[in-house]
J.: 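Structure incoming, see below.
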2 protein chains.
Amino acid sequence: MDMVTLQDIARAAGVSVATASWAINDDPKARIPQATRDRVRRVASELGYRRNALARGLARGHSDLIGFISDGVATSPFAGQVIRGAQDEAWRQGKILLIVDTGGDRKIEERAFEFMLERRVEGLVYSSWVHRRVDAPVGLAGVNAVLVNCYDRLGRLPAVVPDEVGGGLSATRLLLQAGHRRIAFINASARTPASVGRLKGYRQALSEAGVAYDPSLVIREKEADQESGYRAMREVMATGATAVFCHNDRTAMGFYDALRECGQRVPDDISVVGFDNQEVISAHLHPALTTVGLPQYDLGRLGIRALMARGDDSTNHPAAGSGGLEPQLVPCPLVVRDSIARI
Amino acid sequence: MDMVTLQDIARAAGVSVATASWAINDDPKARIPQATRDRVRRVASELGYRRNALARGLARGHSDLIGFISDGVATSPFAGQVIRGAQDEAWRQGKILLIVDTGGDRKIEERAFEFMLERRVEGLVYSSWVHRRVDAPVGLAGVNAVLVNCYDRLGRLPAVVPDEVGGGLSATRLLLQAGHRRIAFINASARTPASVGRLKGYRQALSEAGVAYDPSLVIREKEADQESGYRAMREVMATGATAVFCHNDRTAMGFYDALRECGQRVPDDISVVGFDNQEVISAHLHPALTTVGLPQYDLGRLGIRALMARGDDSTNHPAAGSGGLEPQLVPCPLVVRDSIARI
DNA sequence: GTGAAAGCGCTAACAG
DNA sequence: CTGTTAGCGCTTTCAC
């Protein structure tokens, strides 16, 4: 155990603790000669001194800790970049993340919350694995908090979410630009921000291009996974579509499978575009899948940024009057690969 | 800002801070009447009191924090369960994880290390995304630390890793039990714990079953990804193998692809078993892939357990004399699905 | 320029 | 049974 304290340093360097503190932290507004500064620091490193963040935090009144609660981001197959983005941004501001993955368990969430507050986190990010509406835990109000990849029912907390509409728009536009006019859409039937938003984008792109919206081209599948895509294939092909926009890459993967079993090929027989850019899938399908990425890293980064901005803003208002904070939309990047043919 | 302190509680409840402290923490060895306890706690909750972990940690001399440094676990597509396991176990012991994902960057690692030590973490887990040998960062020695999913060159730090040999053994045995005798193995050519271990297990199973080892059945691919499996298909089929053990699920996925393009089918034309149980792939291939799982959750859990055990053990010896701690092997569970046919 | 000293909020002897 | 008090290690105001 290295229990070298500032006192030890001060004594060894022949200065007072105050001076030692200033030297160690290189406090610019302490006017001590460079020589002293250097001497203290040298002594410190010789003795293997290390600041005690507990004591420091207690004295200064801040912890430099930011809480990050997720319902599965840390352990989900592909949302981890959110954490990376958050961490990088926090880091940049000299803060460190206290991460707890609740797995969606309210009990754990409650406890995590308690833990973080006890540790005097300077802000709290509450994030969801999948973009959705959440019931923000009671208590999140009254704390500097922001929602990431989810939004509150009442819009009382600032939120940072992917621009699903924009994503659907770019995916469909791409198909349109390649000359497609009959574009099927395998969508999830549950009303999620993703299914609603992407459909909206799809319709918007169609309308922009002067293509009439044909509801029969929209296949609704309960889940949006490999099975759905596999199952939906026949229906899609029956519509005579020359291209299909899949709700996500997993759906596209299933679609590829089914298609291949019928001896048909992407993109010759039909063009495909996915969503999510789940690399294990999209980058390795044959042919590689053109898709729309989720801006995970940016979600994390902007979440922290929003948090810190709010923190500075001492007015820290829990959302103006009406209670309708609009979520901040983060664009979804198009990832072009080989699954679209011009016609 | 809730800045209700113990003092406030004590005053409001008409007791001393000491008594308040005991009541709040429900200290069993403080002999105060239940009535007082209750009163204090009630006052505390009424006033919205919350312990200050910084002050508490400083006074008690421990932080209840455990550092978790990873080179990508948090952000990797499928290793996140390690964190979940670690977190659950830490939690069970009343500790909380301070996680930093370095992305393999030494600079960040260094800083993370510093950060954690300043925060007086009670132990440090150093984990790798992929099972490998690491150069444990200088400074890890002298701290209560354990390696997870990686091991030190010199075996000076306790390590917890998956049992690759056992995994290769069960995969191959399963094929053998289904009656296969000519079993190909698409392996990665780099000498990693995975490639070496799985091959060893494969050979061991063969030998157990009295099947001669035929080197020509082992296909070595530089990487072990979808492309490898895709590419290796021809070679595998040319050997006349009736089954193939793929180094991982991604390889199996590529193999499936290539096979289907030739109009052949799993498992009728050839049985396949993978490794990793990367669900996005294995559970959704057609037919679903029989594979060997990585014990991610357990790695995390056991890592923390080892750490805490070491911590208790005040003798905390940096590995006995010779310097050869054997890594703790965690079994890899077989996940049986539909890609094996009896012959 | 530098030091003394008063906290930060809590715990844990030690008294009573 | 309960209160007093001396720290825990550091920051920061205020004197010198």
Side-chain angles (χ1 to χ4, degrees), chain A residues 1-41 43-44 47-65 94 115 117-122, chain B residues 1-41 43-44 47-65 94 115 117-122:
Chain A
M1 292 297 138
D2 58 36
M3 291 291 86
V4 190
T5 76
L6 240 204
Q7 300 247 32
D8 299 332
I9 304 304
R11 199 172 318 126
V15 297
S16 72
V17 277
T19 306
S21 170
W22 290 323
I24 294 289
N25 295 309
D26 209 7
D27 190 330
K29 58 180 172 299
R31 316 197 297 92
I32 57 185
Q34 192 58 40
T36 310
R37 268 179 152 76
D38 293 343
R39 181 159 40 89
V40 172
R41 312 188 74 144
V43 170
L47 266 50
Y49 171 72
R50 190 159 274 137
R51 299 187 297 193
N52 182 330
L54 269 50
R56 191 157 194 261
L58 180 58
R60 297 196 319 159
H62 39 276
S63 60
D64 288 337
L65 246 30
F115 242 98
L117 263 19
E118 285 190 358
R119 268 169 185 84
R120 296 297 187 264
V121 294
E122 295 171 15
Chain B
M1 292 298 139
D2 59 35
M3 291 290 88
V4 189
T5 77
L6 239 204
Q7 300 246 32
D8 300 332
I9 304 305
R11 199 173 317 124
V15 296
S16 73
V17 278
T19 305
S21 171
W22 289 324
I24 294 288
N25 295 308
D26 209 6
D27 190 328
K29 57 180 173 297
R31 315 196 299 93
I32 58 185
Q34 192 58 41
T36 311
R37 268 178 153 76
D38 293 344
R39 181 159 41 89
V40 172
R41 311 188 76 143
V43 170
L47 266 52
Y49 171 73
R50 192 158 273 139
R51 298 187 298 193
N52 182 330
L54 268 51
R56 191 156 193 262
L58 180 59
R60 296 196 321 157
H62 38 278
S63 61
D64 289 334
L65 247 29
F115 241 97
L117 262 20
E118 284 190 358
R119 255 150 198 101
R120 296 297 187 265
V121 294
E122 295 171 15

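Chain A is the first sequence line, chain B the second, and so forth, proteins listed ahead of strands; every chain is numbered from 1.
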J.: Start with the C-alpha distance between A/N52 and B/L58, add both sets of side-chain angles, then the distance that settles side-chain contact (heavy atoms from CB on, under 4.5 Å), and finish with yes or no.
T.: CA-CA 9 Å; A/N52 182 330; B/L58 180 59; 4.2 Å; yes
J.: Earliest and latest nucleotide of DNA chain C, 5' to 3', sitting under 4.0 Å from a non-hydrogen atom of chain B?
T.: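 Going 5' to 3' along DNA chain C, contacts run C/dG9 to C/dA13.
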J.: Residues in side-chain contact (heavy atoms from CB on, under 4.5 Å) with A/A20, at least two apart?
T.: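 A/L6, A/A10, A/V15, A/V40.
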J.: Chain B on DNA chain D: first and last contacting nucleotide, 5' to 3', under 4.0 Å to a heavy atom?
T.: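 Contacts span D/dC1 to D/dG9, reading 5' to 3'.
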J.: Which residue, B/I32 or A/R60, contacts DNA chain D at a nucleotide closer to its 5' end, judged by nearest heavy atom?
T.: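 Of the two residues, B/I32 wins.
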J.: Return the set of residues passing side-chain contact (heavy atoms from CB on, under 4.5 Å) with A/R56 (not counting sequence neighbours), or none when no residue passes.
T.: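 Here the qualifying residues are A/N25, A/R51, A/R60.
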J.: How many angstroms lie between atom OH of A/Y49 and atom CD of A/Q7, to the nearest 0.5 angstrom?
T.: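 That separation rounds to 10.5 Å.
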J.: If you round to the nearest 0.5 Å, how far is CD1 of B/I9 from CG of B/L47?
T.: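 B/L47 atom CG to B/I9 atom CD1 measures 4.5 Å (nearest 0.5 Å).
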J.: Got a second to check how far B/M3's CE is from A/R120's CZ, nearest 0.5 Å?
T.: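 If I round to the nearest 0.5 Å, the distance is 4.5 Å.
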J.: Rounded at 0.5 Å granularity, tell me how far CZ in A/R119 sits from CG in A/D64.
T.: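 Going from CZ on A/R119 over to CG on A/D64, the span is 15.0 Å.
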J.: Counting only N and O atoms by type, is there a donor-acceptor contact under 3.5 Å from the side chain of A/E122 to the main-chain atoms of A/S63?
T.: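 Side chain of A/E122 to backbone of A/S63: a pair is present.
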J.: Please name all residues satisfying side-chain contact (heavy atoms from CB on, under 4.5 Å) with B/D27, sequence neighbours left out, ordered by chain then number.
T.: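 If we apply the side-chain contact (heavy atoms from CB on, under 4.5 Å) test to B/D27, skipping adjacent residues, the hits are B/W22, B/K29, B/A30.
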J.: Could you list by number each residue of residues 15-26 of chain A showing a heavy-atom separation from DNA chain C of less than 4.0 Å, or answer none if no residue does?
T.: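 Correct list: A/V15, A/S16, A/A18, A/T19, A/W22.
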J.: Considering only NZ, NE, NH1 and NH2 on the basic side and carboxylate oxygens on the acidic side, decide whether B/D38 and B/R41 come within less than 4.0 Å.
T.: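 No salt bridge links B/D38 with B/R41.
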